[in-house]
Amino acid sequence: MSELAQSTAFDIYATFQQFLQDDQISPPLAAILSLAEAIVKSNAGTMFELVQALNDGAEELKRRSKNPISLNAGCELFIAFVTLFPHESDNFAELKKELEQQGRTYAREAISFRDKIAELALGFIKDDAVILTHSYSRVVLKALLHAHKTKRISVYVTESRPRGLGLKTHEALTAAGIPCTVVLDSAVAYVMDRVDFVLVGSEAVVESGGLINYVGSNQMAIIAKAANKPFYALAESYKFHRLFPLSQYDLPTHNPNILSFPTPTARSAGHGDAPSSAIPDATTKGPVYPETSSSSTERAMSQEQIAKNPGVDYTRPDLISLVFSDVGILTPEGVSQYLVGMFAG
């Protein structure tokens, strides 16, 4: 039994979910804070046992999360920090307390990374700029709101099915007085000629310099490249992840069910009225469009259909113009170099 598991009163995933209740805390920071909490809750008496407990905690978070990519980046960063932290102290309990405090301090300071990124991005946003963004991103929202203070901008945001997070972005921008229009995910090519550049957030920036983000980012980057429009990614450095996918199917979130064809039984059940179990909950419903027939019904993807679709996708580095981060404005190649140096030694 692991040292972390011995602390039966501590549920690291429940702690992780609790930290996520704060809208300013992203999954990587929630993972760091959860592991920091796990340090003082563990019964580890040596550094070896402590690192093992943290690795066990990270595996538990990964196992219980549908999309572990960004939280993995946070876990990886914090465990590397603990491993390299000087530990000459004879009092191991005091060392554990110090490590916990360091983790909490980093998480508090990391929230300000978005301000640094917003300031860097400001230099690339001209007056009267028309910007296309995708889904919902805290750092992108921060950059757009910051630009709005001194410049006139307008924004197109994709609806981002099936969760419809683009509507959340639209609500925040319009509340701030920024002209914003929601466009269909399938209308990205249609709107591309009207924008100056694309600005997206990230789940992770990987070792190749590529980007993992909400599904649809990759096709947006391909279209931007074809239209000769810059494609900028905003990413806090705690989202830099030592992962090297070669295709969409190398992502940790990919499983055999994604893009699978239904069984004959499931296919035949699709004819006629949908079973009650297939009706999606309110969080998956998008806009309702009127039917031309007299018996109009709401059309929305069922939970089964949603499960057969990816939540994130991978964008190759050659499609990305620049990555704006708290450590500077980097090319995709620069991200690779930074990651090598970050975990060296």
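If you read the sequence from its start, that first residue is 1, and numbering goes on from there. In this text the structure is predicted, and so the values were computed from the model without any measurement. Quick note: numbers below take in every heavy atom, side chains included, and nothing from hydrogens, waters or symmetry partners.
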[X]-[Y] side chain donor-acceptor pair, cut-off 3.5 Å:
X	Y	result
Lys239	Ser70	no
Gln52	Asp56	yes
Asp326	Ser237	yes
Gln17	Gln21	no
Ser208	Tyr314	yes
Glu119	His146	yes

TODO: Please say which of Gln102, Glu109, Gln101, Arg108 ends up in a side chain to side chain donor-acceptor pair (under 3.5 Å) with Thr105.
DONE: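 The single option meeting the side chain to side chain donor-acceptor pair (under 3.5 Å) with Thr105 is Arg108.
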Task: Salt bridge Glu100-Lys97, side-chain N to carboxylate O under 4.0 Å - done: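 Yes, this pair counts.
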Task: Salt bridge present between Asp127 and Lys151 (N-O < 4.0 angstrom) - done: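 Looking at Lys151 together with Asp127, the answer is no, because their closest N to O distance does not fall below 4.0 Å.
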Within a reach of under 6.0 Å around [atom1] of [X], are more than 12 heavy atoms found that belong to other residues, nucleotides or ligands?
X	atom1	answer
Gln18	CD	no
Arg104	CZ	yes
Lys126	NZ	no
Tyr13	OH	yes
Lys142	NZ	no
Asn228	CG	no

Measure from the side-chain N and O atoms of [X] to the backbone N and O of [Y], and report whether any donor-acceptor pair falls under 3.5 Å.
X	Y	result
Glu203	Ile69	no
Ser112	Asp115	no
Ser202	Val205	no
Arg114	Gln24	yes
Arg138	Asp23	yes
Asn72	Cys75	no
Asn309	Gln305	yes
Lys96	Ala44	yes
Glu49	Gly45	yes
Lys41	Ile12	no

Can you give me the closest heavy-atom contact between [X] and [Y], atom names plus distance?
X	Y	value
His254	Tyr249	CE1-CD2, 3.5 Å
Pro245	Val206	CD-CG2, 3.9 Å
His134	Val215	NE2-O, 2.9 Å
Ile32	Gly103	CG2-O, 3.9 Å
Leu20	Ser26	CD2-C, 4.0 Å
Ser217	Asp313	N-OD2, 3.5 Å

Open item on the list: Checking Met192 against Val188 for the side-chain contact (heavy atoms from CB on, under 4.5 Å) test, could you report, in this order, the C-alpha distance in whole Å, the side-chain angles of both residues, the deciding distance, and whether it holds?
Closed with: CA-CA 6 Å; Met192 188 62 72; Val188 169; 3.8 Å; yes
- [ ] Would you please indicate if the ring centroids of Phe124 and Phe197 are separated by under 6.0 Å?
- [x]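 No, the ring centres sit 6.0 Å or more apart.
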Is any side-chain heavy atom of [X] less than 4.5 Å from a side-chain heavy atom of [Y]?
X	Y	value
Leu251	Val312	yes
Pro310	Thr253	no
Val157	Val183	no
Tyr190	Leu184	no
Ile223	Phe231	no
Leu77	Pro28	no
Leu50	Phe92	yes
Leu199	Leu132	no

Task: Name of the residue among Val139, Leu122, Ile329 meeting side-chain contact (heavy atoms from CB on, under 4.5 Å) with Ile117 - done: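 Exactly one option meets the side-chain contact (heavy atoms from CB on, under 4.5 Å) with Ile117, and it is Val139.
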Open item on the list: Checking Glu207 against Phe240 for the side-chain contact (heavy atoms from CB on, under 4.5 Å) test, could you report, in this order, the C-alpha distance in whole Å, the side-chain angles of both residues, the deciding distance, and whether it holds?
Closed with: CA-CA 8 Å; Glu207 203 163 1; Phe240 289 3; over 6 Å; no
Any link between [X] and [Y] through a network of hydrophobic side chains (Ile, Leu, Val, Met, Phe, Trp, Tyr) touching at under 4.5 Å?
X	Y	result
Ile111	Leu35	yes
Leu165	Leu211	no
Tyr106	Leu61	yes
Phe113	Val200	yes

Rounded to the nearest 0.5 Å, what's the gap from [atom1] on [X] to [atom2] on [Y]? Could you check?
X	Y	atom1	atom2	result
Lys229	Ser321	NZ	OG	12.0 Å
Asp318	Glu333	CG	CD	9.5 Å
Leu120	Tyr232	CG	OH	13.0 Å
Asp128	Ile153	CG	CD1	10.5 Å
Ile25	Phe16	CD1	CZ	11.0 Å
Ser154	His148	OG	NE2	11.5 Å

Task: Residues in salt bridge (Lys or Arg N to Asp or Glu O under 4.0 Å) contact with Glu60, at least two apart in sequence or another chain - done: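 Partners of Glu60 by the salt bridge (Lys or Arg N to Asp or Glu O under 4.0 Å) criterion, ordered by chain and then number, come out as Arg63, Arg64.
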Show which side-chain atoms of residues 170-180 pair as donor or acceptor with protein atoms under 3.5 Å away, not counting sequence neighbours.
unit_1, atom_1, unit_2, atom_2, d
His170, NE2, Cys180, O, 3.4
Thr174, OG1, His170, O, 2.7
Thr174, OG1, Glu171, O, 3.1

Open item on the list: One pair to check against side-chain contact (heavy atoms from CB on, under 4.5 Å): Met220 and Thr158. What are the steps and the verdict?
Closed with: CA-CA 10 Å; Met220 187 177 284; Thr158 54; 3.5 Å; yes
Open item on the list: Between Leu29 and Phe19, does the side-chain contact (heavy atoms from CB on, under 4.5 Å) criterion hold? Intermediate values first, please.
Closed with: CA-CA 9 Å; Leu29 294 183; Phe19 283 123; over 6 Å; no
